[in-house]
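Model, not experiment: these values are computed from the prediction. Proteins come first, then strands; the chains are lettered A, B, ... in the order of their sequence lines, and each starts at number 1.
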Amino acid sequence: MSDLNKLGLAEARDALRARETSSKELTNACLAAIDGAGALNAFVHHTPEKALEQAAQADARLKDADAPAMCGLPIGIKDLFCTKDVPSQAGSRILEGFLPQYESTVSQNLFDAGAVMLGKLNMDEFAMGSSNETSVYGNAVNPWRRGNDAAQLTPGGSSGGSAAAVAADLCLAATGTDTGGSIRQPAAFTGITGIKPTYGRCSRWGIVAFASSLDQAGPMTKSVRDAAIMLEAMCGHDPKDSTSADLAVPDFEAALTGDVRGKKIGIPKEYRMDGMPEEIETLWQDGIAMMRDAGAEIVDISLPHTKYALPAYYVIAPAEASSNLARYDGVRYGHRAKLDQGDGITEMYEKTRAEGFGPEVQRRVMIGTYVLSAGFYDAYYNRARKVRTLIKKDFEDVFAQGIDSILTPATPSAAFGLGEMADADPVQMYLNDVFTVTVNLAGLPGIAVPTGQDRQGLPLGLQLIGRPWEEADLLSSAYALEQAAGFVAKADKWW
Amino acid sequence: MSIDESTAARVAKLARIKVEPEALGALAQEFNGILGFIEQLNEVDVEGVEPMTSVTPQRLKRREDVVTDGDQQDKVLKNAPDAREGFFAVPKVVE
């Protein structure tokens with residue numbers, strides 16, 4: 001077989017089981033693709049030896065007909081996941097040289113399912129960003145371009161390396177994490193599929209924490225079927241994460257009927273934003289028509305507190321980050337600043353953190369510190385948590401009316417140019433997450449599916465939001481949308 | 001609410017991040033931009049609304065209060081920038 005790296009998980013799995021190829025061949029095809037894609041800066045730590053060792057083990061299991069769900073399938077792992085003895089820096093200078101002595105639960109689950117790790121993937125520093133421009137490794141680059149224009153575009157963020165790698169066929173699939181849209185926005189910018197499951201579905205143990213009440217891991221894949229396969233392998237109860245749900249994991253792939261007849265799909269009027277590009281509106285209307293044609297009932301709904309989701313997020317996420325990132329103090333791991341004569345422990349903390357954290361991380365840690373500080377805690381932090389309660393209630397109310405899932409755009413635009421937002425104020429960048437952040441605040445599952453292209457040929461995606469714990473139903477609806485949209489475009493190879 | 005340079009300096013101190021004095025003006029301005037955005041929240045009627053503590057209504061699991069882990073001093077110290085004699089080493093904290 002040729003072009004093995006271009007396969008999806010399901011196709012590769014079936015080819016492996018039919019003995020048409022081997023994990024070693026698949027892995028070598030991906031390693032060669034990675035070697036030829038330095039210009040994308042997607043893989044930032046390479047683990048070819050580990051990959052080939054895991055591939056050999058997988059081939060042995062395949063031979064013995066003892067192959068688990070992801071057996072022999074080469075994937076990339078976002079740098080936010082701690083991987084034993086492999087650099088895990090969360091895209092930050094402050095974790096330079098850090099070699100975890102343990103394996104994150106999600107990556108361990110994937111390895112237990114037979115997956116092969118090709119390396120670690122670029123990302124915004126501590127997952128704080130929407131363009132992969134805050135990474136210590138430099139920008140990851142979107143394989144897509146605007147027609148013949150050679151300008152480099154962002155793959156989105158924070159899981160930008162994961163998105164670029166999957167879209168450019170450097171791996172079959174990748175892990176991502178999503179705190180405000182960090183799986184779904186880059187998936188939409190690169191024409192791939194990405195699902196953030198219900199909060200608590202995937203263990204957060206061993207994932208470098210950003211905002212613990214919002215962070216969830218999820219798969220970034222070439223199809224909805226692949227997302228179902230990989231999500232099932234990633235999730236499950238973990239006693240090491242007290243917020244991990246002790247619920248059985250359904251067979252997500254078996255649930256992919258794509259039958260949405262009689263399903264009620266909600267269209268929230270508040271997601272029709274002022275100044276939204278016409279192409280996004282058209283994409284949305286096309287998606288609505290596809291779901292209606294597939295037999296779903298389209299219902300206009302209202303989520304009245306949508307407008308307040310981003311401001312609430314930009315209190316809650318920095319507040320939690322300021323607390324989580326307090327651990328980077330130059331004592332236990334990572335970078336410690338060189339000290340001057342007479343410097344004490346406070347100077348050590350202050351210099352270490354000033355050198356180790358980039359500007360966006362510093363900004364958010366300080367905003368978080370401010371909103372939690374004496375005198376402002378009630379005015380900012382408690383108020384934001386009350387608004388979060390109202391945002392969640394908006395969703396509960398529409399689900400109580402019988403809505404099965406909600407269809408929205410995934411992003412307010414197509415991928416923008418790297419550097420284009422450099423002079424904008426930080427709030428402009430935050431607006432990228434306007435359609436995704438509500439889902440994190442409410443703890444719901446959301447999936448981005450590519451359904452169209454803008455007039456410059458860039459991919460655009462729609463988002464489906466599901467009821468809590470009903471990823472199986474959500475994936476099946478997404479499968480119907482995928483089938484109807486028939487998105488098959490790929491970026492022309494220039495790298 | 002407007003943040004001035006002295007408030008920015010206080011926040012940087014609380015966050016234990018060294019900010020050079022000449023950078024405080026720009027920092028204060030950024031804070032004001034972000035806080036101005038956040039202040040939209042004041043439009044929302046939150047009277048009688050409980051602040052969210054947990055997004056999924058689950059009771060935290062409990063277990064026996066016993067030691068389940070340990071004996072990993074080498075692993076714990078492995079990534080320390082400065083470890084000596086089985087301890088993390090830091091600059092002198094008491095005279």
In a table with atom names and distances, give each donor-acceptor pair under 3.5 Å that connects a side chain of residues 334-345 of chain A to protein atoms at least two apart or in another chain.
residue, atom, partner, partner atom, Å
A:His335, NE2, A:Glu355, OE1, 2.7
A:Arg336, NE, A:Gly330, O, 2.7
A:Arg336, NH1, B:Ala89, O, 3.3
A:Arg336, NH2, A:Gly330, O, 3.1
A:Arg336, NH2, B:Ala89, O, 2.7
A:Asp340, OD2, A:Lys351, NZ, 3.0
A:Asp343, OD2, A:Asp340, N, 2.8
A:Asp343, OD2, A:Lys351, NZ, 2.6

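When heavy atoms are compared at a cutoff of 4.5 Å, B:Phe31 approaches chain A by way of both its backbone and its side chain. Residue B:Leu27 touches chain A through its side chain alone, counting heavy-atom pairs closer than 4.5 Å. There is no contact between A:Ala326 and chain B, counting heavy-atom distances below 4.5 Å. For a residue to count as touching a neighbouring chain, one of its non-hydrogen atoms must lie under 4.5 Å from one of that chain's; by this rule A:Val427 touches chain B with the side chain only. If you measure heavy-atom distances from B:Lys75 to chain A, the contacts under 4.5 Å come from both the backbone and the side chain. With a 4.5 Å cut-off on non-hydrogen atoms, A:Asp425 does not touch chain B at all. Heavy-atom distances place the side chain of A:Tyr430, and not its backbone, under 4.5 Å from chain B. For chain A, the nearby part of B:Thr7 is the side chain; its heavy atoms alone come within less than 4.5 Å. Only the side chain of A:Met348 comes within contact range of chain B, with at least one heavy atom under 4.5 Å from a heavy atom of that chain. Proximity to chain B (any heavy atom under 4.5 Å) is shown, for A:Ser322, by neither the backbone nor the side chain.
In this structure, A:Asp215 contributes its side chain and A:Thr179 its backbone to no donor-acceptor pair below 3.5 Å. Distance alone, capped at 3.5 Å, is enough to place a donor-acceptor pair between the A:Gln362 side chain and the A:Ala354 backbone. Listed for the A:Arg332 side chain is a donor-acceptor partner under 3.5 Å among the backbone atoms of A:Arg327. The backbone N or O of A:Glu360 sits nowhere less than 3.5 Å from a side-chain atom of A:Thr134 that would complete a donor-acceptor pair. Under the 3.5 Å distance criterion, the side-chain polar atoms of A:Asn432 are left unmatched by any main-chain donor or acceptor of A:Ser130.
Classification of B:Lys78 and B:Asp74 as a salt-bridged pair fails, no side-chain N sitting under 4.0 Å from a carboxylate O.
When each of A:Glu347, A:Arg388, A:Glu350, A:His305 is checked for heavy-atom pairs under 4.5 Å with chain B, A:Glu350 comes out on top. Between chain B and the residues A:Ala245, A:Gly97, A:Ser213, A:Ser373, the largest count of heavy-atom pairs under 4.5 Å involves A:Ala245. Here B:Ile34 is the residue among B:Val19, B:Leu60, B:Thr56, B:Ile34 with the most heavy-atom pairs under 4.5 Å with chain A. When A:Val365, A:Thr243, A:Leu390 are compared by the number of non-hydrogen pairs under 4.5 Å with chain B, A:Leu390 comes out ahead. Heavy-atom pairs under 4.5 Å with chain A were tallied for B:Ala83, B:Ala8, B:Pro91, B:Pro51; the largest tally goes to B:Pro51. Most heavy-atom pairs under 4.5 Å with chain B, from the set A:Leu444, A:Leu310, A:Val371, A:Ile367: that is A:Ile367.
Among residues at least two apart or in separate chains, salt bridge (Lys or Arg N to Asp or Glu O under 4.0 Å) pairs with a member in residues 40-68 of chain B are A:Asp246-B:Lys61, A:Lys307-B:Glu43.
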Worksheet item: Passes side-chain hydrogen bond (donor to acceptor under 3.5 Å, both in side chains), A:Arg383 versus A:Tyr377? Steps please.
Response: CA-CA 9 Å; A:Arg383 175 167 282 267; A:Tyr377 187 91; over 6 Å; no
Fill in: A:Tyr333/A:Phe98 under ring pair (Phe, Tyr, Trp, His ring centres under 6.0 Å): CA gap, chis, key distance, verdict
CA-CA 6 Å; A:Tyr333 27 65; A:Phe98 174 55; 5.6 Å; yes
